[in-house]
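Below: the structure, in structure tokens.
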Amino acid sequence: MRIYPAKPSKVYFYATCLVDMFDPQAGLDAITLLEQQGIEVIFVEKQTCCGQPAYSSGYDKQAKQVAQSQIDLFPENWPVVVLSGSCGGMMHHHYRRLFKGDSNQAMVDTFCDRVFELTEFLVNVCRASLIDQGDKSVVVMHTSCAARREMNVHLTATQLLEQLDNVEIREQAYESECCGFGGTFAVRHPDISQSMVEDKTQHLCATEATELVSADWGCLLNINGALEYQNKALRGVHLASFLLARTGGQ
Amino acid sequence: MSQSDSNSLNNGVHIQPLAPEHFHQQAKAALADPQLRQNFRGAMDYLKDKRKLAFSDVAEEKHIRNLSEAIRQRCLSKLPDLLEQLESNCINNGIQVHWAEDAIQANQIIADIAQRHNAKEIIKGKSMVSEEIELNHEMAKLGINCLESDMGEYIVQLDGDKPSHIIMPAIHKNKQEVSDTFAAHLDNFTPTIDVDELIQTGRSRLRQKFQDADIGLSGVNFAVAETGTLCLVENEGNGRMCTTVPDVHIAITGIEKVVEFLTDVPPLYSALTRSATGQAITTYFNMITSPRREGELDGPQEVHLVLLDNGRTQAFQDEEMRKTLQCIRCGACMNHCPVYTRIGGHAYGTVYPGPIGKIISPHMMGLEKTKDLVTASSLCGACGEVCPVKIPIPEMLQRLRNEAKNPATAAHPEIKGQASAASKTEMLAMKSFAYAATHPAIYHLGSWSATKVRGLIPSKLGAWTQCRSAPKPASKTLHQLLKASHKKDQS
Ligand code: SF4
């Protein structure tokens, strides 16, 4: 179990490249959620991407260059709150492996220790308590594999949802199974990936939930793309946007 | 019975022979077979549930996995010494020890033993290492017949097929399909889908064969260095028959299977059975410490141990990839793998399928042949989460991907098939990505332009859009929105 720090007055916010490009609103909403906790949010404009595309494709050297450039952007000893379990896993977990044995390993480890995924930060550091102002709704959630297995934060997203009185949470079959995204996996092994995302969308739709949430844009890109392709009405939204909307933020 | 060269991927599709180089085709064929997918999904669900029940106490699960990992790591850290100790204790016990660097040597050793005894019939207990060296095939060339006595292996052999799972070799078949196999190959068999009847059929056909065989061959689950004991885990009793009835017993195993102490066995055994089938203990557990002794009523006159390297040293030499050798072959990683669950074991084209197959096969066959296997994972981590010896399988895959794409560096010894997946175009793309990602102005210009041409993004993006709509960038990036709002903006 990870030991969490006391609530800080400032945090760095890491939006991730996918949110930056595909769902900037989720980024704005996450910032608002953090601000509602009385935290000053610092968005370092020079942030780009955590380097995962290179890392998972077998380009450690290039991934390391990117990692180093990102680490350098966050010099103060503030938490770095990441809007994705997958990028969080990269920065909290895999950066350590990339720099293992290097002269700056200790510095990198210290950085990695400061990285938190949004929901774990809200629950375990901020002890956020949410007041539901929304109408009754039936929701299904997909948790990314990295959030679940690298960051061990699948429970925190659920804990946030459970605080919402008017939200009924439905659990899909094979809930913990991967949606088949896996970055370049989806295009290197398109048929296998397809079989995975088709099963995932089928299980999600079978719950008859009216809303789908996930705290990871990689999975959402995959799942929403498939849902749209299948002409299904269901679309996933980022958990940050969902939470903010439910609590009357926007 | 002769082993045929043709392997059926499923009832309709034959690819000859199955090979990891044809992974894409093989996977595609498997995905197109609804019966096969249903068989695997059903079987994997069953095994997953069994494991879950066996580890219902989460704290205990954690303890057992930590303990098993520690034991395996300790034993591997002393591997060369333990192997020597094992050899000398086995010899003291009267077990003859042979070392094989590769499949050719291992087959030669076994052929020599067989020929010395004029053996024509070998009866086999379950052994994946014997699959690894294609023993049946090689012996057949010398006129020596190998007969599988494990029920699953027996079914697979009747089909002229290969195992699709390391502990459940015929898991790709349902009851009806097993009945079909028996009907096609066995005389006087009345088709049935009664599992007990099917098993009794197999057993009764095999019974006499144990008596007739010249040699019994088995695998080894744990080889104990301090006592020179070979431990064999099984459920059918055929392993005990193979190792006690024929006059000669040959045990074959990989060099990594050695453990230091007898007390290392119980925790690993428990971790193995719970992870594999959810059993607290198997029906049979054999400990073989010598040939038949004076005055004993049964047991073989000769016991041989063949220790096979076949690429394991390569994994051993690399501190990170050494973890691959912690494996106790429980199969849990494949049972929990979303890829294996969908494509089954044959599609991999390797002896060891699934997650463990992806990380061990490159050491055995080289990355050139197996490079498509190491990318065939979404890195979801389901395997590592259940592995009883805590092999970080996704990290091993990351590592192998890197080795497949890049030349060796001073940090690690070169491995077989190093850089065999290197691609100039891809390297250029990755270098450009790294350049842009480390130069924010360029990077953000890139994402900004993507938002400008969002209407122009083609609706077909190759592999991505075969089952998904093309992703559409937002009209403004978060960077732009924050800049415009003069919200928290600090560089
Ligand atoms: S890698 Fe782990 S889970 Fe897979 S077979 Fe080996 S011990 Fe079992």
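Numbered from 1 within each chain, the chains take letters A, B, ... in sequence-line order. Owing to the predicted nature of the structure, the values given are computational and were not obtained by experimental measurement.
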### Query
Does B:Asn406 use its side chain to pair, donor to acceptor, with the backbone of A:Gly58 at less than 3.5 Å?
yes
### Sidechain-backbone polar pair: B:Gln480 side chain, B:Thr477 backbone, donor-acceptor under 3.5 Å
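Checked: pair present.
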Region of [X] that comes under 4.5 Å of a non-hydrogen atom in chain B:
| X | answer |
| --- | --- |
| A:Gln47 | both |
| A:Ala226 | both |
| A:Cys179 | neither |
| A:Glu177 | side chain |
| A:Glu198 | side chain |
| A:Ser144 | neither |
| A:Arg188 | both |
| A:Ser176 | neither |
| A:Asp72 | neither |

Specify which of [options] makes the most heavy-atom pairs with chain B at under 4.5 Å.
| options | answer |
| --- | --- |
| A:Leu227, A:Asp199, A:Thr201, A:Leu221 | A:Asp199 |
| A:Phe22, A:Phe185, A:Tyr59 | A:Tyr59 |
| A:Ala63, A:Ser57, A:Gly180, A:Ala26 | A:Ser57 |

#### Entry: Charged N-O contact under 4.0 Å between A:Arg2 and A:Glu120
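Here A:Arg2 pairs with A:Glu120 in a salt bridge, since their nearest N and O are under 4.0 Å apart.
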### Message
Between B:Glu403 and B:Arg399, does any NZ, NE, NH1 or NH2 come within less than 4.0 Å of an OD or OE carboxylate oxygen?
### Response
yes
### Query
Does B:Lys28 NZ have over 12 foreign heavy atoms under 6.0 Å away?
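Atom NZ in B:Lys28 is not crowded, with 12 or fewer foreign heavy atoms closer than 6.0 Å.
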Less than 4.5 Å to any heavy atom of chain A: does that hold for the side chain of [X], its backbone, both, or neither?
| X | value |
| --- | --- |
| B:Ser377 | backbone |
| B:Ala404 | neither |
| B:Phe23 | side chain |
| B:Glu385 | side chain |

### Query
Out of curiosity, A:Leu98 CG to A:Tyr55 OH, how far, rounded to the nearest 0.5 Å?
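These two atoms lie 5.0 Å from each other.
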### Task
Find the distance between SG (A:Cys112) and CD (A:Gln105) and round it off to the nearest 0.5 Å.
9.5 Å
#### Entry: Qualifying residues under ring pair (Phe, Tyr, Trp, His ring centres under 6.0 Å), relative to B:His63, sequence neighbours excluded
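With sequence neighbours excluded, B:His63 shows a ring pair (Phe, Tyr, Trp, His ring centres under 6.0 Å) to no residue whatsoever.
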Can a side-chain donor-acceptor contact be found between [Y] and [X] if the only test is distance below 3.5 angstrom?
| X | Y | value |
| --- | --- | --- |
| A:Glu40 | A:Ser9 | no |
| B:Asp45 | A:Tyr174 | yes |
| B:Gln398 | A:Asp60 | no |

Most contacts with chain A, counted as non-hydrogen pairs under 4.5 angstrom, among [options]:
| options | answer |
| --- | --- |
| B:His444, B:Glu426, B:Arg37 | B:Glu426 |
| B:Ala434, B:Ala474, B:Cys380 | B:Cys380 |
| B:Ala436, B:Gly384, B:Pro338 | B:Pro338 |

### Message
Angle between ring planes, A:Phe99 versus A:Tyr95, binned at 30° and 60°: parallel, tilted or perpendicular?
### Response
perpendicular
